[in-house]
Amino acid sequence: MKTAMVDARSDFLGCVAAAVEILNRKEVVALPTETVYGLAGDALEPEAVAKIFEAKERPSFDPLIIHIENKRWLTKLTRPSERVRPVVNRLMNRFWPGPLTILFPKSDLVPDLVTAGLEQVAIRMPSHPVFVQVLRDFGKPLAAPSANRFGRVSPTCAEHVLDELKGRIALILDAGPTVVGLESTIVRVNEDKNKIEILRQGAVSEESLAEIAPTEETFGSSKIEAPGQTASHYAPDKIVHLFGPEAIGPSSHHDALICWGPIRHGQDFSVVRSLSETQDLRVAAQRLFGLLREVDRMDVRRIFIEPVPEVALGKAIMNRIRRAIAPR
Ligand code: TXA
Ligand code: MG
């Protein structure tokens, strides 16, 4: 299959129309969201959903997030759960549209393929203007995982999508680099405790969720709540290590360093990049996946990454870094 990449910044409506035409044929299309690029297909058509899994080589036990443009879809896609409604409403009012995914009990309308047979469906309302316009014109919800092959780093620009899925999908809408750079935060409101359980750290920080209701992290538990949350899930091809004086060993001339803060000269690495020279966590989040891809392609032996402070967005950044270094 030939993969076309078109610039949605120069022909917004033409690009949206092309995407909708593909979706109407139950095919898949790569679209920008504010977090990372997604691979979208009609969420209510198992045939389209199956093509998402196929293009990504994603195992069918790993469920997909459904994207909506309008809260009215919730009554169709989910079953009401009165006890959690006040907290869920506050979450939606505060963070939608935006990078927060919420789990709901699913209705029969949602194909089992989307939720991998689970009783809950993950839903988010994205804010990216291109994605929103495609949702509006298509008129139905879209299932969309990150537009990478399974187990690899999420794409934060259209060229990354091309690297990952060239020849497997017909169209990529390019709208430049994504603003957030990390995937959405995934939460569920616990019926008994009325706490916000965090299944995946992401662009919405735990601190800001805690302003709505008490939070609890469940992604560290032994029970796999989000099947995609297996330890190694953001793996570049090269071996990645956490940077620390003892980690490097005798020589680093063939290695790359991704540091936190200003680039310090006099270090023996063949390549040095910074997540953010001014130590801005938002910039680091935007740049992390792109830098990993960039140094992964270079002629270096190992990749070292310096840890960032684990506050606010820093927690999600360190979560992704740890998963890039997890032993494979
Ligand atoms: O920012 C994002 O969330 C991006 C953009 C494209 O929206 N999407 C994304 O999708 O990151 P994906 O499929 O790469 O990651 C979704 C995660 C997976 O780890 C999956 O296991 C989990 O969400 N998930 C989806 N549905 C679930 C469900 N019903 N229960 C538990 N976990 C679920
Ligand atoms: Mg993904």
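Read the numbers this way: they start at 1 and go in the same order the structure lists the ligands and their atoms.
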Just to be sure I read this right, does ligand 1 sit under 4.0 Å from the backbone of [X], its side chain, both, or neither, counting only heavy atoms?
X      : value
Lys106 : neither
Thr35  : side chain
Ile186 : side chain

Polar atom proximity, [X] to ligand 1 (N or O, under 3.5 Å):
X      : result
Tyr37  : no
Thr115 : no
Arg200 : yes
Thr33  : no

| said: When you measure from the Mg ion (ligand 2) to the N, O or S atoms of Asn148, does any of those distances fall below 2.8 Å? | reply: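 Checking Asn148: none of its N, O or S atoms is under 2.8 Å.
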
Using heavy-atom distances, let me know which of Pro63, Gly117, Pro155 sits nearest atom 33 (C) of ligand 1.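 Shortest heavy-atom distance from atom 33 (C) of ligand 1: Pro63.
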
- prompt: For atom 21 (O) of ligand 1, which of Val121, Ile65, Asp62 has the closest heavy atom?
  reply: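 Nearest heavy atom to atom 21 (O) of ligand 1 lies in Asp62.
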
- Has Arg149 got more than 12 heavy atoms of other residues, nucleotides or ligands less than 6.0 Å from its CZ?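 Correct, the count exceeds 12.
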
Query raised in the report: For the residue pair Phe243 and Phe269, does the interplanar ring angle fall in the parallel (under 30°), tilted (30 to 60°) or perpendicular (over 60°) class?
Result: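 Answer is perpendicular, since the angle exceeds 60°.
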
Nearest-0.5 Å distance, [atom1] of residue [X] to [atom2] of residue [Y]:
X      : Y      : atom1 : atom2 : answer
Phe150 : Phe53  : CZ    : CZ    : 10.0 Å
Glu183 : Thr101 : CD    : OG1   : 10.0 Å
Arg302 : Ser270 : CZ    : OG    : 11.0 Å

So if I count the atoms of ligand 1 from 1 in the order they appear, which ones are less than 4.0 Å from some heavy atom of [X]?
X      : answer
Ala122 : 25 (C), 26 (N), 27 (C), 29 (N)
His67  : 5 (C), 7 (O)
Ala144 : 6 (C), 8 (N), 10 (O)
Gly38  : 6 (C)

_Does either side chain, that of Glu191 or that of Ser81, offer a donor lying less than 3.5 Å from an acceptor on the other one?_
yes

**Pair Lys26 + Asp42, salt bridge at N-O below 4.0 Å** = no

Checklist entry - Does a side-chain N-to-carboxylate-O contact under 4.0 Å join Asp280 and Arg282? => result no

- Applying side-chain hydrogen bond (donor to acceptor under 3.5 Å, both in side chains), name anything that partners Gln120, two or more places apart in sequence or on another chain.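 Once residues adjacent in sequence are excluded, the partners of Gln120 under the side-chain hydrogen bond (donor to acceptor under 3.5 Å, both in side chains) criterion are Arg188.
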
| Strictly under 4.0 Å, does any heavy atom of Arg124 approach an atom of ligand 1? |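 Yes.
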
Students should find that the hydrophobic cluster of Leu13, defined by side-chain heavy atoms under 4.5 Å apart, otherwise consists of Val6, Phe12, Val16, Val20, Ile22, Leu23, Val29, Leu31, Val130, Phe131, Val134, Leu135, Phe138, Leu142, Leu171, Leu173

